[in-house]
Amino acid sequence: METNQNSAGARLPLIRMTRIAVMAALLCVAAPWSVPIGPIPISLATLAVYFIGAVLGAVDGTIAVAVYLLLGAVGVPVFSGFEGGVQKLIGVTGGYLIGYLPCVAATGLAADRFPKRWMVVIGMILGTVLLYAFGTAWFMLQTHRTLTESMTLCVIPFLPGDAAKIAAAALVGIPLRMQMEKWLGKAKR
């Protein structure tokens with residue numbers, strides 16, 4: 001009996017690493033597809049970030065997004081427009097890329113602490129506010145634009161799409177998390 005517990009215990013870190021890797025890969029696949037509408041493109045990256053936070057939680061979700069950022073920083077073309085490299089992180093969109101970290105952390109924290117879907121949605125909204133704050137501040141530093149100009153270019157056009165992404169991530173991500181927790185609970189026994 002002890003052997004089964006040890007083998008199940010040994011599998012859990014592998015399962016955790018696999019979940020993180022799969023979610024990092026999901027972000028790597030979703031993020032490059034973008035529509036350039038101005039200095040900041042519309043992409044599927046935020047949908048993936050919300051989904052990752054809802055499914056993995058704060059710690060593992062943040063690790064998955066950090067893996068994505070590291071892959072992009074070393075030149076893998078995983079950023080919008082199939083680009084990569086540290087120049088994207090220090091360029092005008094860099095604050096939004098770094099803003100994925102507090103966004104996934106806020107989403108994941110809400111998913112970890114509160115089982116209600118509406119609380120996770122509030123976490124996603126808070127994460128979006130943090131994402132916009134990081135990104136817009138960095139954009140303003142890089143371009144020397146005013147807050148009003150920056151909000152007009154980088155926030156307002158994205159609000160309807162981000163609202164739809166939050167709804168989609170909440171509808172799919174939260175039930176998937178619950179199913180994964182049930183499955184992992186059985187794997188521990």
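All heavy atoms count here, side chains included; hydrogens, waters and symmetry mates do not.
- Ring centroid separation for the pair Phe134 and Phe139 does not come in under the 6.0 Å cut-off.
- The two residues Ala31 and Tyr68 make their nearest non-hydrogen contact at CB-OH, 3.3 Å.
- Looking at heavy atoms from C-beta onward, Cys103 lies out of side-chain contact with Met124 at the 4.5 angstrom threshold.
- Considering all non-hydrogen atoms of both residues, Val121 and Ile166 come closest at CG1-CG2, 3.8 Å.
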After noting the C-alpha distance and the side-chain angles of Thr46 and Thr128, does the key distance pass the side chain to side chain contact (heavy atoms under 4.5 Å, CB included) rule? CA-CA 9 Å; Thr46 49; Thr128 304; over 6 Å; no
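- Checked against a 6.0 Å centroid threshold, the rings of Trp138 and Tyr96 do not count as neighbours.
- Under a hydrophobic clustering in which Ile, Leu, Val, Met, Phe, Trp and Tyr are joined whenever their side-chain heavy atoms come within less than 4.5 Å, directly or via other members, Leu56 and Leu176 fall into the same cluster.
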Given side chain to side chain contact (heavy atoms under 4.5 Å, CB included), test Asp162 with Tyr132 step by step and report yes or no. CA-CA 11 Å; Asp162 283 342; Tyr132 285 158; 2.4 Å; yes
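- Considering every non-hydrogen atom in both Met23 and Ala64, the closest pair reads CB-CB, 4.2 Å.
- A distance of 8.5 Å separates OG1 of Thr148 from CE of Met140, quoted to the nearest 0.5 Å.
- The backbone N or O of Thr146 sits less than 3.5 Å from a side-chain atom of Glu149, completing a donor-acceptor pair.
- The minimum heavy-atom distance between Ala45 and Leu27, with the atom names listed, is O-CD1, 3.6 Å.
- At least one side-chain heavy atom of Thr136 sits less than 4.5 Å from a side-chain heavy atom of Ser150.
- No continuous path of ILVMFWY side-chain contacts below 4.5 Å connects Leu47 to Tyr100, so the two sit in separate hydrophobic clusters.
- When hydrophobic clusters are built by joining Ile, Leu, Val, Met, Phe, Trp and Tyr residues whose side-chain heavy atoms come closer than 4.5 Å, directly or via intermediates, Met151 is not grouped with Leu126.
- Looking at every heavy atom in both residues, Val67 comes nearest to Ala24 through CG1-CB, 3.9 Å.
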Where do Met17 and Ile63 land on the side chain to side chain contact (heavy atoms under 4.5 Å, CB included) test, with the steps shown first? CA-CA 10 Å; Met17 287 188 299; Ile63 293 169; over 6 Å; no
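- To the nearest 0.5 angstrom, Glu83 atom CD is 4.0 Å from Lys88 atom NZ.
- We find the CG-CD1 distance between Leu97 and Ile90 to be 12.0 Å, quoted to the nearest 0.5 Å.
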Would you please test Val55 and Met178 for side chain to side chain contact (heavy atoms under 4.5 Å, CB included) and show each step? CA-CA 8 Å; Val55 173; Met178 293 183 334; over 6 Å; no
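- Between Asp60 and Arg19 there is no salt bridge, since no side-chain nitrogen of the basic residue lies less than 4.0 Å from a carboxylate oxygen of the acidic one.
- If you chain together hydrophobic residues whose side chains sit under 4.5 Å apart, Val49 and Leu71 fall into the same group.
- Thr93 has its side chain out of reach of Gln142: every pair of non-hydrogen atoms, C-beta onward, lies at least 4.5 Å apart.
- Heavy atoms only, all atoms of each residue included: Ser34 and Ser80 are closest at OG-CB, 3.7 Å.
- Contact of the Phe79 side chain with the Leu89 side chain is registered, since non-hydrogen atoms from C-beta on lie closer than 4.5 Å.
- Ile37 and Ile40 fall within a single hydrophobic cluster, where Ile, Leu, Val, Met, Phe, Trp and Tyr are joined by side-chain heavy atoms under 4.5 Å apart, directly or via other members.
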